[in-house]
2 protein chains.
Amino acid sequence: MSKKTPVKRARTKQRRLSPEERRQEFVAKATEFFAEEGFGGGTRALARRLGVTQPLLYRYFPSKDDLIKEVYRTVYLEPFGDGWEKLLGDRTRPLRERLKEFYAAYTGVIFSRKWLRIYFYSGLKGLELNRSYVGIVRDKILTRIIRECRNEAGLSAQNKPSAAELEMAWVFHSGIFYYGVRKFVYEAPVLESKEQMISDAVDALIAGFASVFGEKEEARKVAVKAVV
Amino acid sequence: MSKKTPVKRARTKQRRLSPEERRQEFVAKATEFFAEEGFGGGTRALARRLGVTQPLLYRYFPSKDDLIKEVYRTVYLEPFGDGWEKLLGDRTRPLRERLKEFYAAYTGVIFSRKWLRIYFYSGLKGLELNRSYVGIVRDKILTRIIRECRNEAGLSAQNKPSAAELEMAWVFHSGIFYYGVRKFVYEAPVLESKEQMISDAVDALIAGFASVFGEKEEARKVAVKAVV
DNA sequence: GCAGTTGTTTATCGCCCGATCACTAATTAA
DNA sequence: TTAATTAGTGATCGGGCGATAAACAACTGC
């Protein structure tokens, strides 16, 4: 309320950080700020949260848009490890186990209010960034998962998944994704155990994939299709 | 670019609409506008799109926020029919058929750039509206679906679905939902046939539900759980 | 045709926004 | 100690925002 008193910070006491450290500190705090306020949030409010004055931002970033681009970079590109692809393809371990471990790790990164809200804000802004992210998920994750599901269901290996297979993987993946959205964005009640949610979803995917695409379960599949 | 020339619209020619018609026209156009620009879009730009001047909006709506509330109302509340609950529970028809018909109708309503973007913008704004929408989906749709899945899997009827069952229904429902998001918000390529996507997802749900929760498939279930 | 009512515009207010500039304080190098 | 460099601030600019008030234009009933 009474933000009138300028408080007169004791400027001399706190240790001065190196320029790069300071910059990173600004980006990190800005990420939290924009996650809450959206990219329409003002630079003055942001500066207030950083404990500095607004013009100082312009010493570290040429414009607000440049700052936002840095926020994107740290949120999207940094966390995407490449050990994940290997994990998914490691056939010395059961597929269920691999999938559960992968999604435990993946959701460990993206299931936070900050990550998800930045993701949606940038998506609504129409940035090509989201489209490219969707492409990465498709190529690095879903294509691998389908390959393993085909193997699990006793189907012949083929490099390219069919559009229908890819779509089923998307439905599965998005279902898990949306658990995080409900919990961290809508703050709606969810199943308390994330692990069980993932476990059940993985089981359903493997069973469903075999049911829809499997040859070894042709009897079931025919019965399914006959109803339609 | 050269918006300088005021264009001097021929004001006398166009027929004057009744006040209520005019109001509804404004709300409809405002919905499209906010879906694209977000609720941060300016009233001047909106008025320009409506072909009127900005102060005129304030004769029809006391404030910008009131206009936004009307937009919510028409987007969320109007389309939600109540024949859907009956459709889901109609056991004279096969479950697969009911689910496919329901999701064909449901996605027919919500799968549009307009609907989905308004949904996300309001969700990010922190409005309680989204949380209540989530509650409606849970009670009116998912609870019914689980009841029918239990019946299909030969399980005893119980009124309240378990949290794990509800979560599996959410994963399934969200997976379908996200097909629309990918197509209409991210404008990413999707399986061209929405019907097949729904059909496969429904098949996977029924097979997956039986696999995870079914008693008649206890052997498979035990095998599944043993891996973990 | 005129009065009253309703629809619409022009002009404007106060506010907040992103950005810039000139200045001061703190740190570093000699 | 002093000169140069860097970090940070206060004041301010032009512009867009939501909202208001007063004037004007167009219908309506008499």
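A, B, ... follow the sequence lines: proteins, then strands. Residue 1 opens every chain. Note that these values count all heavy atoms, side chains included, but never hydrogens, waters or copies made by symmetry.
- Taking the side chain to side chain contact (heavy atoms under 4.5 Å, CB included) definition, one finds that A:Arg147 meets it with A:Arg91, A:Thr143, A:Arg144, sequence neighbours left out.
- Scanning residues 57-68 of chain A for heavy-atom distances under 4.0 Å to DNA chain C yields A:Tyr58, A:Ser63, A:Lys64.
- Summarising the geometry, the separation between CZ on B:Arg48 and P on D:dG18 is reported as 12 Å, rounded to the nearest angstrom.
- Within residues 33-45 of chain A, the residues having any heavy atom under 4.0 Å from DNA chain C are, by residue number, A:Gly41, A:Gly42, A:Thr43, A:Arg44.
- Between B:Leu56 and A:Gln54, the one whose closest nucleotide on DNA chain C sits nearer the 5' end is B:Leu56.
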Name each donor-acceptor pair under 3.5 Å that joins a side chain in residues 32-39 of chain B to protein atoms two or more places apart or in another chain, with its distance.
residue : atom : partner  : partner atom : Å
B:Glu36 : OE1  : B:Arg113 : NE           : 3.2
B:Glu36 : OE1  : B:Arg113 : NH2          : 2.7
B:Glu36 : OE2  : B:Arg113 : NE           : 2.6

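- Rounding to whole angstrom units, CZ of residue A:Arg22 and C1' of D:dT6 are separated by 13 Å.
- Shown here are the side chain to side chain contact (heavy atoms under 4.5 Å, CB included) partners of B:Arg59, two or more places apart in sequence or in another chain: B:Leu56.
- Judged as a side chain to side chain contact (heavy atoms under 4.5 Å, CB included), and not counting sequence neighbours, the contacts of A:Gln24 are A:Glu20.
- Partners of B:Lys29 according to the salt bridge (charged side-chain N to carboxylate O under 4.0 Å, His left out) rule, which considers only residues two or more places apart in sequence or in another chain, are B:Glu25.
- Between A:Tyr60 and A:Pro19 the shortest heavy-atom distance is CE2-O, 4.0 Å.
- In this structure, A:Arg23 atom CZ and D:dT6 atom P are separated by 16 Å, rounded to whole Å.
- Rounded to an integer number of Å, the gap from A:Glu21 CD to D:dA7 C1' is 15 Å.
- Not counting sequence neighbours, the partners of A:Arg98 by the salt bridge (charged side-chain N to carboxylate O under 4.0 Å, His left out) test are A:Glu148.
- Listed by chain and residue number, nothing satisfies the side chain to side chain contact (heavy atoms under 4.5 Å, CB included) test with A:Asn159 (two or more places apart in sequence, or in another chain).
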